[in-house]
Asker: 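Provided herewith is a single structure, encoded as structure tokens, for subsequent inquiry.
Lettering follows sequence order; numbering is per chain, from 1.
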Protein chains: 2
Amino acid sequence: MFIQFGATGPKERLGWYQVEGGSMAQACTKQEGQACVVCHVGRRSDWHDLDPTASALLTSGRRRREYGSGEVVFAQGERNDGVHCVSGGTVGIRKLDGNGNSVLLELAYPGDTIGYRSFLTDSEHKTSAEALGPTVICHIDHSTIAALLAGNPALGLRFLKRSIGELEHAHDMMFRQATLSNRHKLVHLLLVLVGRHGRRNSNGSQSIDLPVSRRDLASMVGTRHETISRIIGRLETDGVAHFSGRQVTIPSVEALAAEIDCLIPA
Amino acid sequence: MFIQFGATGPKERLGWYQVEGGSMAQACTKQEGQACVVCHVGRRSDWHDLDPTASALLTSGRRRREYGSGEVVFAQGERNDGVHCVSGGTVGIRKLDGNGNSVLLELAYPGDTIGYRSFLTDSEHKTSAEALGPTVICHIDHSTIAALLAGNPALGLRFLKRSIGELEHAHDMMFRQATLSNRHKLVHLLLVLVGRHGRRNSNGSQSIDLPVSRRDLASMVGTRHETISRIIGRLETDGVAHFSGRQVTIPSVEALAAEIDCLIPA
DNA sequence: GAGCAAAATTGACGATCATCAACGACGGTC
DNA sequence: GACCGTCGTTGATGATCGTCAATTTTGCTC
């Protein structure tokens, strides 16, 4: 019924995940029965200052799991079975249709809660979530999250703010889709990815290990993968970015940003 | 600083607003000091089952106002000063940049609450709201809505569900932007507008009075207004829709829907 | 109704894109 | 190592789009 993109089965060579430059990802010292540190510190998580009883409830109702590249966390159309909290790695939120179309709508990072929308509306998942590379994700089952929400109004408020943040992100995306050229949309996307996945090189340039395929890149820009290939080619000849597989090197992020800054001063 | 689109100054010839076919809009018998019926009935509003004290608080902190076509309800960049609830008419939610670009992101109808995002995040408005045609809107000031939220957790939950609904709407939009052609995007938009603004004619065809200009239509589709003009021309020659100013007549809505149904069976 | 500004249409042209097809590269399986 | 499916790239071609410009239409003010 639903297509699994890039799903190549579990790779059990985990127990670690890459800490990317600029990312907040941290190794999580797994100790069953104790609260996972990553899920609480840094106020990057929605669960960081629960009262002791709620915290205990969370600890008992939470299951930590590692996902291999391409593994599906939850699939579009499935009934909701609780929420997930990204602890490490990168997760892609994807929407599919019955014609084989696939659009990567957003990326989720450590601290982000996913699957909360279908939980709160008590409905099936409207999107799929899939690990982009080795990923660690906590699952909080349906009854636990329900109990937590009932006893902690602040948690609901945090979901509300998360939802609003995602909505404003979606509005920005819609605005760019309507006003920018495909090239500028790709440049913008690269700049966002540099912020999340970029590492600084000794010569001042910055490099990214893209978490997504060219096809997904194309879906995020709103065009076909062949077109993305050609735009990448133009970026190469213009010398503003160098692509080698999923590795991208940007000689001057400022020069790349200037390309869209002249159009979007705000 | 911010451009007012279509703003031609207030038209004081109000006191009524058009009841469009298929729309839920109803005339609101204005009586100061009493609860506005439209804001409570039909569970289309976020305020429909407050307790008596909250209801009294709402009544005293609410101000009803009529807006003329093009009038701005709140402007992008302004500080939030409470929330608005659409009572009658149609409101456009718009995003602008400093280059004169304008994108109509969504339409708000009677029962919809707008401006709640910047209230809940205590920030400036990220979008503008503008009356598309004669409109009636209630304004609930900052302190009133704060008091209501503090005493009615259910109200916050309703905002949460509203936000989630808008987010899923935005995701659908993003998906269509990435997968549909401009023609199909316009067809889809027409079908949505038929559902909201359409009226059935005696011969089985349906007509719409478009609430938006061609430029706004173009921004919603993600293209230029000249292109929209040409696509409309093609729809005319294909006989699937007839345009005369802002009035559109669709001989067979089913035939129009079939154009995208064959591509989006889901 | 005259006048005006914005909206809408139409034409022409170059740029960009979608599609189909062919091919090499890569990763995983057996 | 052979096989296979997917991904990525490149080419060719027709369709579509963006831009500039000219013109008409519309809606509003006076």
Asker: Which is true for R246(B) with a 4.0 Å heavy-atom rule: it touches a base, it touches only sugar-phosphate, or it touches nothing?
Answerer: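 No contact.
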Asker: Return the value, rounded to whole Å, for the distance between atom CZ of R215(A) and atom P of dT9(D).
Answerer: 11 Å
Asker: Indicate whether OP1 or OP2 belonging to dG8(D) is found under 4.0 Å from a side-chain N or O atom of S229(A).
Answerer: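 Answer is no, no contact under 4.0 Å.
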Asker: Is R215(B) paired with E226(B) through a side-chain N to carboxylate O contact shorter than 4.0 Å?
Answerer: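 No, E226(B) and R215(B) are not salt-bridged.
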Asker: Any side-chain heavy atom of D172(A) sitting closer than 4.5 Å to one from H169(A)?
Answerer: no
Asker: Using whole Å, what does the distance between atom P of nucleotide dG27(D) and atom CG of D209(B) come to?
Answerer: 12 Å
Asker: May I have the distance from Q247(B) (atom CD) to dG27(D) (atom C1'), rounded to whole angstrom?
Answerer: 17 Å
Asker: Of the listed nucleotides (dC7(D), dC17(D), dT19(C)), which one gets closest to any side-chain atom of N182(B)?
Answerer: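 Closest nucleotide to the N182(B) side chain: dC17(D).
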Asker: I231(B) has a side chain; which of dA18(C), dT9(C), dC17(D) sits nearest to it?
Answerer: dC17(D)
Asker: Would you indicate which nucleotide in dG8(D), dA7(C), dT19(D) comes nearest to any side-chain atom of S213(A)?
Answerer: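 Output: dG8(D).
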Asker: Classify the angle between the aromatic ring planes of F74(A) and H125(A) as parallel (below 30°), tilted (30 to 60°) or perpendicular (above 60°).
Answerer: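 Parallel.
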Asker: Heavy atoms under 4.0 Å, any strand shown: does R183(A) hit a base, just sugar-phosphate, or nothing?
Answerer: nothing
Asker: Measure CZ/F243(B) against P/dT10(C) and give the value in whole Å, please.
Answerer: 13 Å
Asker: Touch check for T223(B), heavy atoms < 4.0 angstrom, all strands: base, sugar-phosphate only, or nothing?
Answerer: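 Result for T223(B) = sugar-phosphate.
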Asker: What integer distance in Å separates L217(A):CG from dT9(D):C1'?
Answerer: 15 Å
Asker: Separation of Q177(B) atom CD from dC17(D) atom P, in whole Å?
Answerer: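 From Q177(B) CD to dC17(D) P: 13 Å.
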Asker: Is it true that the side chains of S207(A) and T249(A) contain a donor and an acceptor less than 3.5 Å apart?
Answerer: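 Result is yes, a qualifying pair exists.
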Asker: Which nucleotide in the set dC20(D), dC17(D), dC20(C) lies at the smallest distance from any side-chain heavy atom of E226(A)?
Answerer: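 Of dC20(D), dC17(D), dC20(C), dC20(C) is nearest to the side chain of E226(A).
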Asker: Using a strict cut-off of less than 4.0 Å between a Lys/Arg side-chain nitrogen and an Asp/Glu carboxylate oxygen, indicate whether D97(A) and R176(B) qualify as a salt bridge.
Answerer: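 No, no charged N to carboxylate O under 4.0 Å.
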Asker: Report yes or no: is there a donor-acceptor pair, N or O only, under 3.5 Å between the side chain of R230(B) and the base of dG18(D)?
Answerer: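 Donor-acceptor pair under 3.5 Å: no.
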Asker: Can you see if the side chain of R234(B) gets near the phosphate of dC17(D) - specifically, an N or O under 4.0 Å from OP1 or OP2?
Answerer: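 So the side-chain polar atoms of R234(B) do come within 4.0 Å of the phosphate oxygens OP1 or OP2 of dC17(D), strictly under.
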Asker: Between atom CD1 in I228(B) and atom C1' in dT16(D), what is the gap in whole Å?
Answerer: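 Nearest whole value for this atom pair: 13 Å.
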Asker: How close or far is atom P of dA8(C) from atom CD1 of I232(B), stated in whole angstroms?
Answerer: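 So the two atoms are 9 Å apart, to the nearest Å.
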